[in-house]
Amino acid sequence: MSQIKQMQSHLIVSATLLDPYAAGRIISFCAVSADADLSHAYKLFLSLQHRTTFIWNTIIRAFVERNANATAISLYKNMLQSGFLPNNYTFSFVLRACTTYSSTALASHALVIKLGWESYDFVLNGLIHLYANLSLMDAARKLFNVSTNRDVITWTSLLNGYVQSGQAEFARELFDQMPERNAVSWSAMITGYVQMGMFREAMGLFNDMQLSGLRPNHAGIVGALTACAFLGALDHGRWIHAYVDRNGMELDRVLGTALVDMYAKCGCIEMACSVFDEMPYKDVFAFTSLISGLANHDQSARAIELFARMQSEGVVPNEVTFICVLSACSRMGLVDEGLRIFNYMSKVYGIEPGVQHYGCLVDLLGRAGLFEEANKLVREMPMEPDSYVLGALLNSCRMHGDVELGKETVESLVERGLDHGGVHVLLSNMYASSNQWDWVVKVRKEMGEKKVRKVPGCSLIEIDGRLCEFIVGDGSYLLMEEVVLILLGIDNHLKFLWLDDDNTNCTMTSY
DNA sequence: ATAGGGTTAG
C-alpha cells in the first residue's frame, strides 16, 4: 500500500491520474484488494475530475463489501445524478446494499427493468436474493419461476428466503429438489435450520453433508457449532474443533467465537477460555461471548475482569455486553458496581438502556433485598416491563417472602398476558411456604379454570455421541423402565442415607 | 482495456 501511495504521488505529478483508466486501476487496488485502504481510495475518488462507470462501480462495491449500505446507496444516487447509467455490475453491488433499504429496492428493480438487465444472470440472482432477504417471497418466487438459467446460486438465494420467513418445510423441499448442491448451499440449509431453532435437524444435515463427500466450509462449521451449543452436544463440538485444527482452518473472529460459545454453553468454561486466548483478533463478539460464559458459570469476578480488559484493549462494548456484565454483577450481589456500570453505559458509550438492561437492574436490586428500589424502578422505567423484568421482581419476592408484592406482580403479568404456567406455580409455592393454604387452593383453581398449562420442562444429554431428549410427563422412551428403576434405587439410597433427618423429603415428583 | 452473485458468532 505504501508503494501504491508513492506511485500515486508520482502519477499525480505527471498528470497521469487524469487518465481515467489508470485512475480506475489504482482505485480498484486501494478499495477492494487484499490489503485495501478504503478511506484512501475514497479520498482519491473524491479528488478525481473524470470518473468512469467502472470507478463508480468499484467505490460502491467497496462500501457494500464493508456493509456500509447507506453510503453505498447514497453514492449510487450521486452516480445517477451525475448522469451515469448503471450497468449489470452496478446492479450486482447495489442490489446487495438494498437488502437493508427496501425503499430503494423497488426503485432499483424498476431501473433494472428499464435498462433491460432483468434477465441477466447476476442481476436476476441479485433480485431474487434481495426479495428473499426482505421476505417478499411471492416476488422472489415469481422471478425464480421465470429464470431460464437457474444455477446453484439462484436456488440457494430462494432457499434462504424461505429460511428468513421461517418456512422450514418449503426450504427443505427446495434443498432436496436442487439439481446441484455445493458447500454453500449445504451451509445455507444448515444455518437455516439453526436460525429457525431446529438444531437437531441442523446436526443431522451436517452429518449428511459429510456422508455426501463434501467438505464442510467455514459457514457450515459455524452453523454446526451453534447447533452444538444450543443442544449441549459437547462430543460433537469437540469433534468439530478437532476437524478445524486438523484442516488448519484459521481461528478468525466468527469461527473462534462460535467455538468459545460452544464450549461455554456445553459447560467447558476452561476450554472456552483457552480457545479465546488462541484467537489472534478478538472483537466485541468474542469478548461478549466469553463474558457471558463466565457469568453463567458462576465466575462473575472473572467476567467483570474480562470486561475491564476488553476496554483497556480498546474494544468497544455494545448493548449485549452490558446485559452480560450487569447480570454478572447481579449474581455477585455487586449493587454499587452494577448501578455504576448501568449509568456509564449511556454516559460513556452512548447506549440507551433497553428493557433487558432494566431487567438486569431489577434483578440486581431484588436479589440484594432492595425491594422498594426494585419496585420503584419497575414503575418508573421508561418502557413497559416485559416478562423478564416482572419475573425478576417476582423472583425477588419469592426469595424474600413478600407474598403481597408477589401477588401484585403476578397480576401485572396477567394484565399483560405474560403469565405462563410457571408464574402461577411460583405464586402458589410462595403462598405454600407462608402457610396460606387457602390461597394456594385459590391459585390452583384459577389455573385450572384458565386452562393455564406449565410448559413441560425438558433436558438434553449426550450419551456416546447420541443426543437424548427428555420431556416431563413423557414416558415413551426406550429403556424408560430401566431409567425409572435406577432413579427409584437412587431415591431409596438417599432416603437411607438421610434416615435420621426429619425434614428430608426425597420423593420423585416427575420423570 | 480493468470487475460481480448465494451461506458465518454474542
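Chain naming here is simple, since letters A, B, ... match the order of the sequence lines and numbering starts at 1 in each. Bear in mind the structure is a predicted one, so any value in this text is a computation, not a measurement.
- Here Glu313(A) pairs with Arg309(A) under the salt bridge (charged side-chain N to carboxylate O under 4.0 Å, His left out) rule; sequence neighbours left out.
- The nearest whole Å value for the distance from the CG atom in Asn67(A) to the P atom in dA9(B) is 13 Å.
- Residues passing the ring pair (Phe, Tyr, Trp, His ring centres under 6.0 Å) test with Phe206(A), sequence neighbours excluded: none.
- Taking atom CE on Met249(A) and atom C1' on dT7(B), their separation rounds to 13 Å, with Å as the unit.
- Of the candidates dT7(B), dG4(B), dA9(B), dG4(B) carries the atom nearest the Asn88(A) side chain, counting heavy atoms from C-beta on.
- Within the model, atoms CD1 of Ile190(A) and CG of Asn217(A) stand 8.5 Å from one another, a figure rounded to the nearest 0.5 Å.
- Ranking dA3(B), dT7(B), dT8(B) by closeness to the Val254(A) side chain, first place goes to dT8(B).
- Remark: Tyr89(A) pairs with no residue by the ring pair (Phe, Tyr, Trp, His ring centres under 6.0 Å) rule, at least two apart or across chains.
- Judged as a ring pair (Phe, Tyr, Trp, His ring centres under 6.0 Å), and not counting sequence neighbours, Phe54(A) has no contacts.
- The CZ atom of Phe206(A) sits 14 Å away from the C1' atom of dT7(B) (whole-angstrom rounding).
- Closest to the side chain of Asn133(A), from the set dA9(B), dA3(B), dT7(B), is dT7(B).
- Between atom CD1 of residue Ile304(A) and atom SG of residue Cys329(A) there is a gap of 4.0 Å, rounded to the nearest 0.5 Å.
- Closest to the side chain of Asp283(A), from the set dG6(B), dT7(B), dA9(B), is dA9(B).
- One atom, CE of Met279(A), and another, C1' of dT8(B), lie 13 Å apart when rounded to the nearest Å.
- Arg302(A) meets the side chain to side chain donor-acceptor pair (under 3.5 Å) test with Glu270(A), Gln299(A); sequence neighbours excluded.
- In this entry the distance linking CG of Leu214(A) with P of dT7(B) reads 18 Å, nearest Å.
- For the pair Arg253(A) and dT8(B), the criterion of a side-chain N or O lying under 4.0 Å from OP1 or OP2 is not met.
- Within 4.0 Å (heavy atoms only), Asn57(A) reaches at least one base atom of the nucleic acid.
- Residues of residues 161-186 of chain A having a heavy atom closer than 4.0 Å to DNA chain B, listed by number: Asn182(A), Val184(A), Ser185(A).
- If you check every strand for non-hydrogen atoms under 4.0 Å, Ser28(A) touches nothing.
- Between His109(A) and Glu118(A), the side chains place a donor N or O and an acceptor N or O closer than 3.5 Å (distance only, hydrogens not considered).
- Evaluation of the ring pair (Phe, Tyr, Trp, His ring centres under 6.0 Å) rule for Phe199(A) yields Phe230(A) as partners, not counting sequence neighbours.
- At a threshold of 4.0 angstrom between heavy atoms, the contacts of Arg61(A) are confined to the sugar-phosphate backbone, with no base atom among them.
- dT7(B) atom P lies 18 Å from atom OH of Tyr193(A), rounded to whole Å.
- Taking the side chain of Ser157(A) as heavy atoms from C-beta on, and the options dG6(B), dA3(B), dT7(B), the nearest nucleotide is dG6(B).
- Heavy atoms of Tyr120(A) sit under 4.0 angstrom from at least one base atom.
- Among the nucleotides dA1(B), dA9(B), dT7(B), the one closest to the side chain of Val222(A) is dA9(B).
- Proximity note for Tyr89(A) (side chain, C-beta onward) versus dT2(B), dG4(B), dT7(B): the nearest is dG4(B).
- Side-chain nitrogen and oxygen atoms of Asn160(A) include at least one within less than 4.0 Å of the OP1 or OP2 phosphate oxygen of dT7(B).
- Residue-level contact check: His218(A) touches the bases, meaning some heavy atom is under 4.0 Å from a base atom.
- At a threshold of 4.0 angstrom between heavy atoms, the contacts of Gln195(A) are confined to the sugar-phosphate backbone, with no base atom among them.
- Checking Gln311(A) against Tyr349(A) by side-chain atom types alone, a donor-acceptor pair falls below 3.5 Å.
- Within the structure, ring-ring contact (aromatic ring centres under 6.0 Å, His included) pairs that include any residue of residues 242-271 of chain A comprise Trp239(A)-Tyr243(A), His241(A)-Tyr263(A) (at least two apart or interchain).
- Computed from coordinates, the Leu124(A) CG to dG6(B) C1' distance equals 13 Å when rounded to whole Å.
- To the nearest angstrom, C1' of dT8(B) lies 19 Å from OH of Tyr281(A).
- Contacts between residues 140-156 of chain A and DNA chain B, counted as heavy-atom distances below 4.0 Å, involve Asp151(A), Val152(A), Ile153(A), Thr156(A).
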